[in-house]
Each structure stands twice: as structure tokens, then as C-alpha cells.
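Computed from a predicted structure; not experimentally measured. Below, all heavy atoms of this structure are taken into account, side chains as well, without hydrogens, waters or symmetry copies. Both counts, for ligands and for their atoms, begin at 1 and track the order of listing.
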Amino acid sequence: MPIKKIIIVSGLLLVFIAFYGFGFDQYIELTALKQKSSELIAYYEMNPWQASGWFFLIYVVSSAVSIPGASILTLAGGAIFGFSWGLVLVSFASTLGASLAFLLSRYVLHDWVQNHFSSRLADINAGVKKEGAFYLFGLRLVVVFPFWLVNLLMGLTPIKLKTYFWVSQLGMFPATVLFVNAGTQLATVQQLSDILSPAVAISFALLGLLPFIMKPILAAIARYQSLKGYTKPEQFDYNLIVIGAGAAGLVSSYIAAAVKAKVLLIEKHKMGGDCLNTGCVPSKSLIQSTRFLADIAHSKKYGISKASAEFNFADVMQRAADIITKIEPHDSVERYQQMGVECVQAEARVLSPWEIEVAGKKVTARRLIIATGAKPRVPNIKGLDQVRFYTSDTIWSCRVRPERLLVVGGGPIGCELSQVFNRLGCQVTLIVSAERLLKTEDEDASALLMTQFEAEGIELKLQHSLESFSVEAGESYAHIQAQQGARLTLKFDAVLFAIGRQANTQNMGLEELGVELTATGNISVDQYMRSSVPTVYACGDVAGPYQLTHAAAHYAWYSTVNSLFSDWWHFKADHRVIPRVTFCQPEIASVGLNEQSAKKAGLVTETTLFKLDELDRAIIDGKTTGYIKVLTPVANDKILGVTIVGEHAGELLPEFVLAMKHGLGLNKILATIHAYPTWAEANKYTAGVWKKNHQPRRVLNFLERYHAAKRR
Ligand SMILES: Cc1cc2nc3c(=O)[nH]c(=O)nc-3n(C[C@H](O)[C@H](O)[C@H](O)COP(=O)(O)OP(=O)(O)OC[C@H]3O[C@@H](n4cnc5c(N)ncnc54)[C@H](O)[C@@H]3O)c2cc1C
């Protein structure tokens with residue numbers, strides 16, 4: 001502990017010892033107050049400002065250092081100064097004192113507590129950040145929670161001082177009124193419990209708990225209000241109707257059929273949705289082809305003096321289409337019908353909380369799941385209609401290589417496709433408004449990727465934004481603004497937008513039904529994946545928060561089980577431990593916290609780093625770029641998050657995902673045998689670095705002396 005904090009803690013201890021040692025505690029008794037009250041009142045009458053000042057100061061200091069006696073002081077306030085002036089003095093003095101106690105606790109203990117319990121505090125910190133004022137108000141009203149304890153505990157949370165001050169002032173006001181008023185009739189008070197009788201304490205407690213009780217009740221009322229005006233069918237055609245047959249819809253309908261529910265799956269376009277037809281599958285097929293090209297380009301590294309590859313752009317693109325055809329049967333109507341899912345290929349429109357219209361027919365179900373995915377955003381830019389432009393929906397049909405390709409957007413899709421098309425011979429310029437690529441990953445991960453991109457000849461235009469397009473003499477031009485107002489014009493053949501994806505919620509009856517959307521346009525769902533209309537659930541890209549295939553499948557389980565069995569039980573969706581991988585070279589795979597997000601959440605963590613250039617297998621394979629970075633609480637092997645940059649990062653990550661999901665620490669990974677020479681050994685070595693950093697020094701010193709003695 002720093003010396004300043006030690007001095008403060010010692011000072012506080014001395015105050016306590018002196019307080020009790022010199023017998024000041026006898027003055028915080030009711031009898032003492034009664035005996036001295038006439039003297040105190042006389043002093044106040046002669047010196048009103050001085051008496052008020054002293055009282056205020058004593059109240060503030062005693063509350064700030066958490067000396068007991070706030071109730072007696074409050075009574076004294078009423079007895080000496082009368083109701084109104086006493087109330088003003090006590091109300092402000094108690095809030096000021098409480099805020100100082102809160103600051104003291106924050107200064108002395110906050111960092112230590114956050115360091116040692118960061119993993120367990122993450123949820124509490126998030127809750128306090130979101131609803132801290134609400135919790136504090138309840139705690140203040142429930143007078144049975146000791147005043148000093150609330151100050152001490154709240155100091156350990158990230159609540160803001162301003163919020164703490166005004167919520168405390170408001171929350172403590174009712175009890176202050178009660179005690180100051182009792183002080184005005186001091187003679188009638190025989191003991192403190194007369195004022196705070198069990199009935200009064202319970203009333204305060206109920207008042208304090210009221211917001212907590214009312215919140216879910218009001219939410220439930222609001223949800224059921226949304227059903228008003230619709231007639232519930234007497235019988236339903238299905239238990240469940242799922243709209244959209246992408247990852248989320250397929251998994252939802254499969255689970256429903258597996259538990260013998262009657263389920264209808266509706267898809268307006270292609271079974272398999274984005275992932276199969278325009279997302280993961282074609283992009284990863286192209287990535288595989290271009291990795292082969294990149295290896296050939298580095299043949300010398302493998303002792304092969306010259307190697308070359310000839311390829312036809314259209315053939316590589318066609319391979320991606322062929323791979324889709326090969327995987328299609330996994331998501332086909334036939335396969336799902338065999339599993340017991342009824343499939344319809346048409347556009348669905350929601351008519352009521354229980355009814356939809358599809359292919360000119362009205363059908364009903366007890367519950368609906370919306371799994372309609374998302375579509376790529378296209379900016380509204382002047383001249384766009386004159387140029388050749390693509391999105392992740394349309395790029396796959398491209399068979400003529402654009403010699404100069406602009407890619408707009410530095411997220412995973414923009415990065416993967418920039419590298420792919422650059423390796424396929426396009427001259428790629430990547431335009432990004434942020435100051436780096438993959439801005440949700442740590443800076444060092446972005447830096448490695450940007451170095452690789454530049455080495456491969458991708459031109460990076462960071463902190464640039466597209467303003468307009470024009471066409472002159474048959475050539476397309478992009479007019480771009482750089483950060484400091486500078487402008488540049490680039491000649492190009494085609495532009496690919498990867499600037500985010502917008503949830504598909506429009507024109508399907510959701511607005512009319514009153515299904516609420518978030519600020520980003522996703523369907524707003526509660527922790528059970530239920531929308532604001534209680535019969536309508538949502539999952540996948542349309543609901544978020546992650547736009548990933550495995551996240552869609554994960555949340556589909558909660559949507560389905562909750563929608564079918566909510567009469568009996570509800571499962572809260574688990575948002576922890578969701579891995580993410582960007583399949584560039586180097587690959588970037590991460591799960592949980594990274595340094596950037598831990599810092600943002602105010603958590604103090606420890607970082608363990610293992611560089612892949614120390615791994616035998618990486619040296620053998622000639623792919624030594626990258627690292628494994630693990631975040632843990634200070635001096636604890638629990639894994640809070642992992643970032644892996646390098647070859648096979650996505651394949652190395654699951655061992656950490658498993659460990660995090662099941663609460664296994666780095667010691668367990670270290671104690672697991674990993675075959676030699678594998679990439680997976682890197683995980684064990686990372687755990688080894690952590691262990692080395694936490695060697696039991698005293699034991700080792702002792703052993704050194706023991707062995708020295710044995711040699712004598
Ligand atoms: C280029 C690219 C690469 C990607 N790579 C990866 C990756 O490597 N790993 C990963 O995890 N994720 C990746 N993703 C994201 C992944 O594809 C999505 O997260 C996933 O497909 C979402 O599934 P979903 O079921 O929510 O939506 P979708 O797959 O979009 O399915 C929604 C379906 O609903 C249908 N539909 C919409 N409205 C209606 C209606 N009114 N009636 C009937 N049907 C309707 C649509 O036609 C669509 O088929 C990638 C995405 C892209 C674009």
C-alpha cells in the first residue's frame with residue numbers, strides 16, 4: 001500500500017482510538033443529549049451562527065471518518081435548532097460527510113478491491129454504471145443498512161461523486177425528517193427504537209424496495225399491454241414459427257423439432273442465409289485460395305528457390321460458389337424436413353402477436369421467433385449510381401477482376417476482403433474513418449495486421465472518409481477527405497462497401513405490432529431473448545449484440561427454449577465467453593476482455609504475453625509473427641480474456657474458451673499435456689509464462705539454500 005494511504009488509514013485508526021480512549025463516546029448517548037440539551041439550546045440562542053457552524057462541522061467530520069452517532073447528532077439537530085433549520089443543517093451535513101467517507105473509501109480501498117476481485121466485480125461495475133443511482137436510492141431508503149457501510153461499499157464501485165451526492169441527499173431525506181422531528185420532542189423519546197419502531201423501519205424498507213419491486217412489474221405490464229387490441233386464437237397451427245433460415249433460424253427450428261414441437265420455418269431467399277451464401281463460406285473459401293498463393297510467393301522461406309502460380313480470377317471466384325453448392329445440403333429444406341421442421345420458401349409478414357402471413361396464407365403459432373438477419377449498409381454518396389460498386393451481398397458473383405479496388409471499412413469483413421482481393425491481383429486501397437483497423441481489438445493486434453497489409457501492398461487510408469464519386473471520360477474517381485481537411489481523388493474500377501450491417505426489421509409488420517428497436521436498429525430483446533411483445537422472440541444478427549454465426553446459434557438456443565417453455569422456466573442468455581475471429585493473415589482471435597476493454601471497464605488486470613517466434617512449430621512452419629496475450633486478475637490464474645494474433649489463432653483459441661467457460665485457470669492449461677511440436681503448445685507456454693511470473697520466491701530461496709547445504 002502506498003505511504004499516503006498508510007498514513008490515512010493510521011490517522012483514521014488514531015481518531016477511533018482517541019474517540020473511545022478519551023471517552024467521547026459517552027456524548028453520543030441519548031441520556032447525555034437530554035442532559036446537555038438545555039445548555040446547547042442556550043448556547044445556540046446566544047451564538048446562532050457559531051453554534052450552527054460547529055454543529056455542521058462536527059456532523060461532517062464524524063460522518064466522514066465513520067464515527068458512530070449519526071442518529072444522536074440528527075436528534076440533536078432537531079432539539080437545538082428546531083425542525084426547519086435543523087433539517088437543513090443535518091440534511092446537508094450528512095450528505096457532505098457521507099460523500100467524504102465515500103471518497104476516503106474510494107481513495108484507500110478502490111484500487112486494491114478492483115485489483116483482487118476484478119473478474120467478480122465486472123458485472124457489479126456494469127450494473128452500477130447503468131443503474132447505480134437506482135441501487136443507491138434503495139439502499140439509502142432502507143434505513144436498516146448502516147450509513148457508514150453504504151458509504152464504504154459505494155466507494156468501491158464506479159458510481160460518480162455527483163450522482164452519489166444528490167441521490168444520498170434525496171434518499172436520506174425521509175429518515176432525516178423523522179429523526180429531526182423526533183429531536184424537536186426530545187423529552188418524549190425514551191430510546192432510539194421509539195423513533196425507528198419496527199413498523200416504521202419496515203415502511204422505509206418497503207419504500208426503498210419499491211423501485212426494485214415495481215421495475216419488473218411495470219415492464220411486464222408494458223409487455224402485456226402490447227397484446228391489447230389483438231385477439232388470441234383459440235387454437236394454434238404451430239407451437240413455433242421461425243422467420244429466416246440463416247444460422248439463427250436453422251438452429252431455432254432444429255431445437256424446436258428435436259423437442260417435438262410443431263415448427264414452421266420460413267425463408268424468403270436461400271436456406272443457410274448469409275453465412276452459407278454471402279458470408280463465412282465464400283469468404284473463407286477465397287481466403288484459403290489466397291493463402292496458397294501467399295505461401296507460393298514466399299517459397300524461398302521453405303528452401304524452394306522458385307515457385308509460381310497461375311490462376312484465373314473467375315476460377316477462384318467460381319471455387320467459392322462451388323464450395324457453397326457442396327455445403328448447401330447441410331442447410332437444405334430436405335434435411336430440415338427430415339428432422340421434423342416444416343419449411344416454406346416465401347416472404348413472411350407478421351400480422352399479430354400470434355399470426356403471420358406467408359404465401360397468401362395466414363398461420364398462427366403460440367410464439368414467433370424473428371431471425372431475419374442483417375444486410376450490408378450502403379452509404380448515400382453522391383455519384384454512387386454511376387460507379388461499379390459491391391457489398392458482401394453481391395461481390396461473390398464478380399468474375400471480372402477490378403484492377404483498382406477501393407474497400408471501405410476497417411472491420412473484420414473489410415480487412416478479410418481487402419487481403420483476399422489484393423492477393424488475387426487487385427490493387428487495393430482500404431479507406432477507414434478510424435485511426436486503425438479492427439478498432440475493437442488491442443492496438444498491438446491492429447498494428448501487426450497493418451504492417452502485414454502494407455508489406456503486401458495494400459494502401460491504407462486511415463482517418464479518411466469518402467465524399468463523392470464522379471465519372472470522367474469513362475474512368476471512375478472517388479473524392480476523399482483526409483482528417484486535416486485535405487482532399488484527394490483516387491481513380492478506381494470498383495468499390496466494395498464493408499461499413500457495417502443493418503438489422504432486417506423493415507416492411508414485415510414489426511413496426512405495426514410495436515416491436516421495439518434499439519438505437520442501432522436491432523430488435524430490442526431482454527435477457528430471455530424476448531422482444532417488447534411477449535410472444536415474439538428474436539436472435540441472430542437481427543437482435544445482436546454480436547453479428548457472428550456461432551453467436552446466432554448460441555442465442556437461438558435461448559430464444560427457442562424460452563419461447564417454448566416460458567410457462568415453466570426461463571433461461572437468462574449467457575453473454576460471457578463468445579469468441580471472435582478475423583481470418584486475415586495474421587489471424588486475430590479473441591475472447592472476453594482485451595487490454596482496451598478492461599481499461600474502459602475500469603478493471604485492473606495483469607497481462608501475460610507469449611510471442612510465437614519462441615514456438616518450435618511456428619519456426620518450423622516459417623510463421624512466427626504474432627503472440628498470445630492473456631488477461632487475468634492480479635496474481636490470480638483465472639482467465640478474463642485472450643487475444644491471439646498469428647497463424648491458426650482461431651484454432652488455438654478454443655482451449656482458452658473452454659477454460660473460461662468452465663472456470664479453469666492457467667495452471668490447469670499448464671498441467672495439460674500438449675503434443676510436440678504443435679501450435680497448441682503455445683497455449684501451454686503462455687500458461688508457463690504466467691507461472692514463471694508468479695514463482696514462489698520464498699520457497700525457491702529456501703530450496704536454493706537447502707540444495708547448497710546438501711552439497712556440503
Ligand atoms: C462477408 C462475411 C463474412 C462473415 N464471416 C463470418 C465468420 O467467419 N464467422 C462468423 O461467425 N460470422 C461471419 N459472418 C457473419 C455471419 O454470416 C452472420 O452473423 C450470420 O449469418 C447471422 O445469421 P442470422 O441467422 O442471424 O442471419 P442470416 O444468415 O442473415 O439469415 C436471415 C435469413 O432471414 C431471411 N429473411 C429475412 N426477412 C425475411 C422475411 N420477411 N421472410 C422470410 N425470410 C426472411 C433472409 O433471406 C436470410 O436468409 C460473416 C458475414 C459476412 C457478410
Side-chain angles (χ1 to χ4, degrees), residues 241-254 264-288 320 324 328 331 333 343-351 356-359 363 368-377 390-396 407 409 411-421 496-510 522-523 525 529 538-556 559 578-584 587-589 649-650 653:
I241 293 176
V242 180
I243 304 178
L250 289 172
V251 174
S252 297
S253 57
Y254 162 69
L264 177 68
L265 174 65
I266 305 168
E267 170 55 54
K268 71 171 178 184
H269 191 41
K270 288 184 178 172
M271 294 287 283
D274 256 7
C275 184
L276 172 63
N277 301 294
T278 55
C280 330
V281 173
S283 62
K284 269 77 245 177
S285 307
L286 293 183
I287 285 171
Q288 190 54 29
I324 295 175
E328 247 167 15
D331 296 349
V333 168
C343 301
V344 172
Q345 218 124 18
E347 182 158 359
R349 195 180 156 76
V350 180
L351 300 176
I356 59 126
E357 185 175 18
V358 62
V363 269
L368 311 178
I369 290 184
I370 311 295
T372 48
K375 58 176 171 290
R377 285 180 211 268
Y390 295 103
T391 66
S392 62
D393 272 358
T394 54
I395 188 73
W396 319 109
V407 179
I413 297 176
C415 288
E416 286 181 6
L417 294 182
S418 289
Q419 194 173 43
V420 157
F421 287 108
L496 167 65
F497 291 107
I499 53 169
R501 298 168 54 72
Q502 176 69 49
N504 288 324
T505 57
Q506 303 81 18
N507 307 322
M508 51 181 298
L510 295 177
N522 292 90
I523 294 182
V525 288
M529 305 309 292
C539 53
D541 283 8
V542 75
Y546 305 97
Q547 291 190 327
L548 295 164
T549 295
H550 47 277
H554 172 73
Y555 292 114
S559 291
I578 303 212
R580 45 198 188 267
V581 183
T582 301
F583 293 89
C584 290
E587 220 163 83
I588 299 182
L653 193 68

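Protein heavy atom nearest atom 18 (C) of ligand 1, with residue, atom name and distance: Asp541 OD2, 3.4 Å. Among all protein heavy atoms, the one lying closest to atom 34 (O) of ligand 1 is Gly244 CA, 3.2 Å. Distance from atom 46 (C) of ligand 1 to its nearest protein heavy atom, with residue and atom name: Glu267 OE2, 3.4 Å. Looking at atom 31 (O) of ligand 1, its nearest protein heavy atom turns out to be Gly246 CA, 3.3 Å. Nearest protein heavy-atom contact of atom 14 (N) of ligand 1 is Cys280 SG, 3.8 Å.
Of all atoms in ligand 1, listed by their number and element, those nearer than 4.0 Å to a heavy atom of Phe583 are 8 (O). In summary, the atoms of ligand 1 found under 4.0 Å from a heavy atom of Ala247, numbered by their order in the structure, are 23 (O), 25 (O). Proximity to Lys284 (heavy-atom distance under 4.0 Å) selects the following atoms of ligand 1: 5 (N), 6 (C), 7 (C), 8 (O). Counting the atoms of ligand 1 from 1 in the order shown, those under 4.0 Å from a heavy atom of Gly540 are 26 (O). Interface of Ile413 with ligand 1, defined as ligand atoms under 4.0 Å from a residue heavy atom, comprises 1 (C), 2 (C), 51 (C), 52 (C), 53 (C). Ligand-side atoms of ligand 1 in range of Lys270: 49 (O), range being under 4.0 angstrom from any heavy atom. Contact atoms of ligand 1 toward Ile266: 43 (C), 44 (N) (distance under 4.0 Å to a heavy atom of the residue). Annotation for ligand 1: atoms under 4.0 Å from non-hydrogen atoms of Thr372 are 32 (C), 34 (O), 37 (C), 38 (N), 39 (C).
With hydrogens and angles ignored, the 3.5 Å screen pairs no side-chain donor or acceptor of Asp541 with any backbone N or O of Ala503. Looking only at distances, a side-chain donor or acceptor of Thr391 sits under 3.5 Å from a matching main-chain atom of Asp393. Counting only distance, with no hydrogens or angles, the side chain of Ser252 and the backbone of Ala248 share a donor-acceptor pair below 3.5 Å. Not a single donor-acceptor pair under 3.5 Å links the side chain of Asn522 to the backbone N or O of Thr505.
Here Ala371 has backbone heavy atoms under 4.0 Å from ligand 1, and that is the only part of it that gets that close. At a 4.0 Å heavy-atom cut-off, ligand 1 touches Ser283 through the side chain alone. Proximity of Leu548 to ligand 1, defined as any heavy-atom pair under 4.0 Å, is shared by backbone and side chain alike. At a heavy-atom cutoff of 4.0 Å, ligand 1 is contacted by both the backbone and the side chain of Asp274. If you look at Thr278 next to ligand 1, the close heavy atoms, those under 4.0 Å, all belong to the backbone. Contacts of Pro282 with ligand 1, taken as heavy-atom pairs under 4.0 Å, are absent altogether.
Residue Pro376 places every heavy atom at 4.0 Å or more from ligand 1. In this structure, Arg501 counts as a contact residue of ligand 1, since one of its heavy atoms falls inside 4.0 Å of the ligand. Judged by the shortest distance from any of its heavy atoms, Arg580 lies outside the 4.0 Å radius around the atoms of ligand 1. The shell of residues lying under 4.0 angstrom from ligand 1, judged by heavy atoms, excludes Arg349.
Rounding to the nearest 0.5 angstrom, the gap separating the CD1 atom in Ile413 from the CZ atom in Arg501 is 5.5 Å. Here the CZ-CD distance, from Arg377 to Gln502, works out to 4.0 Å after rounding to the nearest 0.5 Å. Summarising the geometry, atom CD belonging to Glu347 is positioned 10.5 Å from atom OG1 belonging to Thr372; distances are rounded to the nearest 0.5 Å. Taken to the nearest 0.5 Å, the CG atom of Asp331 stands 11.0 Å off from the CD1 atom of Ile324. Atom NE2 of His550 and atom CZ of Arg580 lie 9.0 Å apart (nearest 0.5 Å). Note that CG of Leu548 is 9.5 Å distant from OH of Tyr555, once rounded to the nearest 0.5 Å.
The shortest N or O to N or O distance between Thr549 and ligand 1 is below 3.5 Å. Checking only distances, Glu347 never comes within under 3.5 Å of ligand 1, N or O to N or O. Polar contact with ligand 1: present for Ala348 (N/O pair, distance under 3.5 Å). Ligand 1 has an N or O atom lying under 3.5 Å from an N or O atom of Cys275, backbone or side chain.
Test Val251, Ile370, Leu265 against Val242 for side-chain contact (heavy atoms from CB on, under 4.5 Å) and you get one pass: Leu265.
With contacts defined as side-chain heavy-atom distances shorter than 4.5 Å, the pair Lys375/Gln506 qualifies.
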